[in-house]
Every structure is written in C-alpha cells, then in structure tokens.
Chemist: 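This is the structure I have questions about; it appears just below.
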Protein chains: 2
Amino acid sequence: MSSRPTKRQEQVLDYVRRHRTQHGLAPTVREIQKHFGFASPNAAASHLRALQRKKLLYRHPGTARALRVTGDDRKEVAAIPIYGDIPAGFADTREQRPDGCVYADLDSLDIRRTARTFAVRVRGDSMTGAHILDGDLVVLELREPNHGNIVAALIDGETTLKRYLVKNRRPFLRAEHPGYPDLIPARELVIQGVMIALFRKPKDAGRPIEP
Amino acid sequence: MSSRPTKRQEQVLDYVRRHRTQHGLAPTVREIQKHFGFASPNAAASHLRALQRKKLLYRHPGTARALRVTGDDRKEVAAIPIYGDIPAGFADTREQRPDGCVYADLDSLDIRRTARTFAVRVRGDSMTGAHILDGDLVVLELREPNHGNIVAALIDGETTLKRYLVKNRRPFLRAEHPGYPDLIPARELVIQGVMIALFRKPKDAGRPIEP
DNA sequence: TATAATACTGAACAAATGTCCAGCCGTCCT
DNA sequence: AGGACGGCTGGACATTTGTTCAGTATTATA
C-alpha cells in the first residue's frame with residue numbers, strides 16, 4: 001500500500017538519494033534538518049516517518065544513517081565489459097579480456113538480462129555521419145541485425161562499426177562518412193553485435209579551445 | 001605510500017566491504033568489535049586507524065558509519081537525476097523533481113563526488129553539428145564553463161544546450177546547426193551546467209523484425 | 001638486541017544521533 | 001463545524017558512536 005509522496009517528501013527523498021551517491025552514506029536526521037533549514041530535527045524525522053509509512057524508505061530504528069530508499073536497492077546494475085579490440089575468434093567469449101567495464105542500469109538501457117551485451121571503443125571517423133565519434137563507447141547486443149541497424153561486423157579480420165543494410169536480400173555494410181565505400185561481403189558477413197546504446201565522454205570537457 | 005594490510009587488517013577490511021554490500025551502510029566501530037569478539041571498541045578502532053594509515057580506508061572524523069573502502073569507490077554507481085525540463089529558478093535545487101535517474105559508475109564518467117551532477121534530455125536538433133541528437137541524454141556538471149564547452153544555459157526563461165564561446169571577453173552561445181544564429185545575451189548568461197558525458201539509446205535499436 | 005609495529009584489554013568522555021512529547025498553523029475532505 | 005493530515009517549532013532525553021588515555025603481550029624489523 002505504497003502511496004505517493006508529497007512535494008516536500010519527494011524533496012527529502014531526493015536529498016537522501018543524492019547524499020548517498022555523493023558521500024557514499026545516508027544523511028543523518030540533523031543533516032536533513034540543516035539542508036532544509038528546519039529549526040527542529042523533528043521536522044526531518046517526521047518526514048522520514050511519513051516516507052516510511054508510504055514504503056518509500058526503509059530504516060533500522062536506533063541506527064545512525066540507516067536510511068535506504070526503496071527503489072534504489074532493486075536497481076539492477078549491469079557490468080558491461082569493454083572490448084577495446086575484438087579479435088577474430090569472437091565466438092569464444094571466454095578468451096576475451098575486457099578493458100574494464102561500464103556500469104549501467106538495465107532499465108535505462110532496456111537490456112534483457114538474457115542477452116549477451118558488451119561494449120566497444122570506437123576508433124576512426126567512419127561513422128561520424130551517424131553521429132558516432134572516435135572514442136565513443138558503443139554498447140552492443142548479440143543478436144540478428146535489422147535493416148538500418150548499426151552493427152559491429154567482422155571484415156577481413158578486423159572489426160568495424162557500420163550500418164547494416166539489406167538490398168535484394170543481400171546484406172551489406174555502409175559507412176556514414178563521405179569517401180567511404182559500401183562494403184559488400186565476399187563470403188559471409190559476421191555480425192558481432194547490434195548497437196543498442198552509446199556513451200560519450202568528451203575529451204575537451206574541461207579544456208579550452210583556441211578563440 | 002599505501003602498503004599492504006596484515007592478515008587481520010584484511011579481515012577487517014573485508015568485513016567492512018561485506019557489511020556495506022549486505023546492509024547498504026558501513027558498520028560502526030562497535031559492530032566490528034562485536035563481529036570479531038573484541039572486548040574493547042578500541043581494538044576495532046586501531047585496526048581502522050592502521051588501514052587508514054595505509055590508505056586502504058577513508059573516513060570522516062566524528063561521523064557515524066563514515067567508512068569507505070578505497071577501491072570500492074570506483075565501482076560505485078551514481079544515481080544521476082534526469083531533469084527533463086529545467087525551470088527558471090534553478091538555483092533552488094530543492095524544487096527540482098527528477099524524471100528518474102541514470103545510473104553510471106563514477107569512474108567512467110570521471111565524476112567528482114563533491115560535484116553536483118545531473119542529466120537533461122535533449123530536445124531539438126540545434127546541436128546535431130556537435131553530434132548531439134534529439135533524445136540524447138546529456139550529463140552535466142555544475143561548474144564554470146570554458147571556451148568551447150557545451151553547456152546548458154538559461155535564455156529567455158528556457159533552457160537550451162549550446163556551445164559556450166568567448167569573444168572579446170564577452171561570452172555568447174552558438175548552436176551547432178545551419179540556420180541557428182549565435183545567441184548573445186542581453187543581460188547575463190546563466191550557465192546551468194557543463195556537459196561531461198552523453199548517453200544515447202537509439203530509438204530503432206530494440207525492434208526485432210523477422211525476415 | 002633494541003625498536004617499532006601489531007594486536008589487543010579496560011575504562012571513560014564527549015559528541016553525534018535517533019526519538020519522543022507538546023503544541024501551532026494551515027489545507028483538504030466530509 | 002469537525003477531523004485527519006501535512007508541515008513545522010521547541011525542548012529534552014537516552015543511545016549510539018567516535019575517540020582518547022593507559023597498559024600488556026606478541027611479533028616483526030633493523
């Protein structure tokens with residue numbers, strides 16, 4: 001019987017959430033009091049009581065900083081391995097060595113837990129026309145591609161990111177940048193993954209450019 | 001100057017880690033004491049001191065349950081609130097209502113824990129030249145922008161994503177799409193955040209079509 | 001062998017923190 | 001009009017909790 005929080009209660013809940021992610025621990029009653037400018041710790045405490053009543057918050061009585069926002073626990077965070085370079089024998093996943101992981105929640109990625117998901121660091125500018133830049137991290141899912149999907153494919157022993165197209169029942173790959181020709185596979189086309197998400201961290205995020 | 005922990009210290013560190021993942025919060029000194037059967041809280045406390053000296057643990061003095069294992073921070077996933085729409089009075093964070101959250105690890109985002117970070121859903125195509133598309137999720141940090149940064153700014157009561165430029169010591173905003181004029185602020189320029197990351201989930205990604 | 005570091009016991013203090021009681025004011029609903 | 005509820009002030013109390021001082025025994029370490 002969890003009901004909706006009021007505006008104020010939402011704010012409190014948000015502050016708890018934020019405090020947890022920023023400082024790694026939940027705030028105390030008096031920290032909440034201070035943040036909202038209450039004159040009494042009871043103001044914060046009663047909000048917590050209300051949130052608890054509405055099942056939006058859990059806590060251990062008598063325990064310091066024992067606040068836990070209900071939804072946050074259930075968030076399933078997937079560790080997506082990053083393969084900087086995909087070698088030929090991709091089928092054997094066990095031999096892969098990820099260069100770290102991206103962590104993203106399944107919700108926002110809409111990932112099925114059964115699906116094989118991985119990420120690749122993009123090299124080159126052959127897909128800038130599709131707004132995929134050098135250095136971008138592309139999250140891929142192992143499945144059959146559809147016409148128009150962006151895929152990681154194996155061409156001549158190298159893996160590249162291209163758009164997957166079908167013409168006259170024959171699939172081929174297209175780069176999204178002037179000067180790159182279409183790639184029509186001589187033998188068979190090995191699709192290693194279909195792009196489902198993109199993650200970019202601009203290199204110039206903190207750096208000024210020439211005026 | 002971080003050296004190796006002793007066997008016992010390793011056990012304590014392990015217990016702290018386990019307690020955090022199991023209960024969502026760090027143990028107190030006395031909980032550690034109880035777990036190891038110490039007769040004095042000082043036994044646990046001195047272990048924590050040693051671990052701190054070896055840079056394997058961080059804590060806030062005088063704060064309850066403020067233990068953080070050094071390596072674990074990197075795996076920590078931050079909940080970044082998504083503000084679909086940024087109203088005028090942004091300075092008052094308390095009135096914000098996030099439309100859910102993105103979850104990303106601090107490492108890959110290079111987020112400072114102290115920094116105020118949030119995300120905005122991009123609307124419109126004024127930044128396609130900078131490879132930022134309609135529907136993209138842009139992660140922003142609250143800080144002073146540099147020349148060339150992409151920022152969320154408040155213009156005429158509306159928030160837009162633009163490139164921040166400075167000419168003759170006067171800052172202005174530039175869209176990255178043909179046909180959009182530069183925005184030269186009449187009064188003052190309110191910068192709400194500087195882009196530090198981008199997250200895209202293609203709309204046509206999840207459709208499985210049978211051939 | 002000296003010296004430091006580890007690994008504790010034992011007691012106690014002070015700050016941090018959760019909690020409770022009493023009451024005020026306004027809004028919404030019946 | 002009445003009552004339930006949200007939002008808050010003000011004060012106080014009892015734990016919880018971090019911290020410190022003093023001391024013992026064992027194990028490295030130079």
Side-chain angles (χ1 to χ4, degrees), chain A residues 1-16 19-20 22-69, chain B residues 1-16 18-20 22-70 92-97:
Chain A
M1 209 52 169
S2 76
S3 47
R4 302 253 161 272
T6 63
K7 207 170 188 174
R8 201 57 161 160
Q9 287 165 5
E10 180 89 47
Q11 289 171 11
V12 174
L13 200 64
D14 224 51
Y15 175 70
V16 173
H19 194 284
R20 278 200 65 132
Q22 277 184 6
H23 302 93
L25 38 68
T28 65
V29 176
R30 278 177 179 80
E31 279 167 355
I32 300 172
Q33 170 198 351
K34 203 170 186 178
H35 178 264
F36 288 95
F38 298 145
S40 167
N42 190 35
S46 66
H47 278 132
L48 295 178
R49 275 191 293 272
L51 287 166
Q52 228 179 332
R53 211 180 318 124
K54 294 181 179 179
K55 303 282 183 193
L56 299 168
L57 196 74
Y58 286 102
R59 55 196 317 212
H60 293 283
T63 315
R65 300 177 181 278
L67 302 174
R68 290 172 76 183
V69 180
Chain B
M1 222 60 88
S2 79
S3 47
R4 314 257 164 277
T6 64
K7 210 167 188 174
R8 199 58 160 162
Q9 286 165 5
E10 181 87 49
Q11 287 173 11
V12 173
L13 200 64
D14 235 46
Y15 173 70
V16 173
R18 221 172 327 130
H19 195 284
R20 278 201 66 131
Q22 275 182 13
H23 302 92
L25 38 69
T28 65
V29 176
R30 279 176 180 80
E31 279 167 356
I32 300 172
Q33 172 198 351
K34 208 171 191 172
H35 179 265
F36 287 95
F38 299 145
S40 166
N42 189 34
S46 66
H47 278 132
L48 295 178
R49 274 193 294 273
L51 286 166
Q52 227 180 331
R53 209 178 321 121
K54 295 181 179 178
K55 303 282 183 194
L56 299 167
L57 197 73
Y58 286 101
R59 55 197 316 213
H60 291 284
T63 314
R65 298 177 182 279
L67 300 174
R68 287 167 63 191
V69 181
T70 298
D92 191 3
T93 315
R94 285 172 287 185
E95 297 197 6
Q96 291 300 313
R97 279 197 213 168

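Remember, it's a predicted structure, so these values are computed and weren't measured experimentally. Residue numbers start from 1 in every chain, and the chains themselves are labelled A, B, ... in the order their sequence lines are given, proteins ahead of strands.
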Chemist: I'd like the 5' and 3' limits of the part of DNA chain D contacted by chain B, with heavy-atom contacts below 4.0 Å.
Modeler: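 With heavy atoms of chain B under 4.0 Å away, the range is D:dT17 to D:dA22.
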Chemist: Working to the nearest 0.5 Å, report the span between CG of A:L13 and CG of A:L48.
Modeler: 9.5 Å
Chemist: How would you label the contact of B:P41 with the nucleic acid (heavy atoms, under 4.0 Å): base, sugar-phosphate, or nothing?
Modeler: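 The residue B:P41 makes base contact.
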Chemist: Can you tell me how far P of C:dT19 sits from NE2 of A:H47, to the nearest Å?
Modeler: 16 Å
Chemist: Please confirm whether the shortest side-chain N or O distance from A:T63 to OP1 or OP2 of C:dG18 is below 4.0 Å.
Modeler: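 Answer no for this pair, as no side-chain N or O of A:T63 is under 4.0 Å from OP1 or OP2.
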Chemist: Closest approach of A:A44 and A:Q33, non-hydrogen atoms and distance?
Modeler: CB-N, 3.9 Å
Chemist: According to a strict under-4.0 Å criterion, is A:R65 in side-chain N/O contact with OP1 or OP2 of C:dG18?
Modeler: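 No, A:R65 has no side-chain N/O under 4.0 Å of OP1/OP2 on C:dG18.
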Chemist: Using the closest heavy atom to pick a nucleotide of DNA chain C for each, name whichever of A:E31 or A:N42 lands nearer the 5' end.
Modeler: A:E31
Chemist: When you measure from the side chain of B:S40, which nucleotide among C:dA7, C:dT9, C:dT17 comes out closest?
Modeler: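 Within the option list, the nearest is C:dT9.
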Chemist: Could you tell me which non-hydrogen atom of A:L25 sits nearest to which non-hydrogen atom of B:A64, and how far apart they are?
Modeler: CD2-O, 4.2 Å
Chemist: Please report the distance, rounded to the nearest Å, between CZ in A:R30 and P in C:dG18.
Modeler: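 These atoms are roughly 8 Å apart.
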Chemist: Can you tell me the distance, in whole Å, between the CZ atom of B:R49 and the P atom of C:dT6?
Modeler: 11 Å
Chemist: Give a yes or no answer on whether the side chain of B:R65 reaches the backbone of B:A26 with a donor-acceptor pair at less than 3.5 Å.
Modeler: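 Yes; judged by distance alone, with no hydrogens or angles, the pair exists.
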Chemist: Send over the distance from B:R53 CZ to C:dA7 C1', rounded to a whole Å.
Modeler: 12 Å
Chemist: Using heavy-atom distances to pick each residue's nearest nucleotide on DNA chain C, tell me which of B:G37 and A:A66 is more 5'.
Modeler: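 Nearer the 5' end of the strand: B:G37.
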Chemist: So what does B:R8 touch, heavy atoms closer than 4.0 Å: a base, only the sugar-phosphate, or nothing?
Modeler: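 Result for B:R8 = sugar-phosphate.
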Chemist: Looking at A:R8 and A:H47, would you say the former's side chain and the latter's main chain have a donor-acceptor pair under 3.5 Å?
Modeler: no
Chemist: Could you tell me the separation between the NZ atom of A:K34 and the C1' atom of C:dT17, rounded to a whole number of Å?
Modeler: 14 Å
Chemist: Mind checking B:A64 for me? I need base, sugar-phosphate or nothing, with any heavy atom below 4.0 Å counting as a touch.
Modeler: sugar-phosphate
Chemist: So, does B:R20 use its side chain to make a donor-acceptor pair with the main chain of B:R68 at under 3.5 Å?
Modeler: no
Chemist: If you check every side-chain atom of B:K54, which of C:dT17, C:dT6, C:dT19 has the closest atom?
Modeler: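 Minimum distance to the B:K54 side chain belongs to C:dT6.
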Chemist: Nearest 0.5 angstrom please: B:I32 CD1 to B:L67 CG, how far?
Modeler: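 Between atom CD1 of B:I32 and atom CG of B:L67 there are 5.5 Å.
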Chemist: In whole angstrom, give the distance that lies between atom CG of A:L48 and atom P of C:dT17.
Modeler: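 Atom-to-atom, A:L48 to C:dT17, this comes out as 14 Å.
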Chemist: Return the value, rounded to whole Å, for the distance between atom NE2 of A:H60 and atom C1' of C:dT19.
Modeler: 17 Å
Chemist: Figure out the NZ/C1' separation between B:K7 and C:dC8, and round it to whole Å.
Modeler: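 For the pair B:K7 NZ and C:dC8 C1', the rounded distance is 18 Å.
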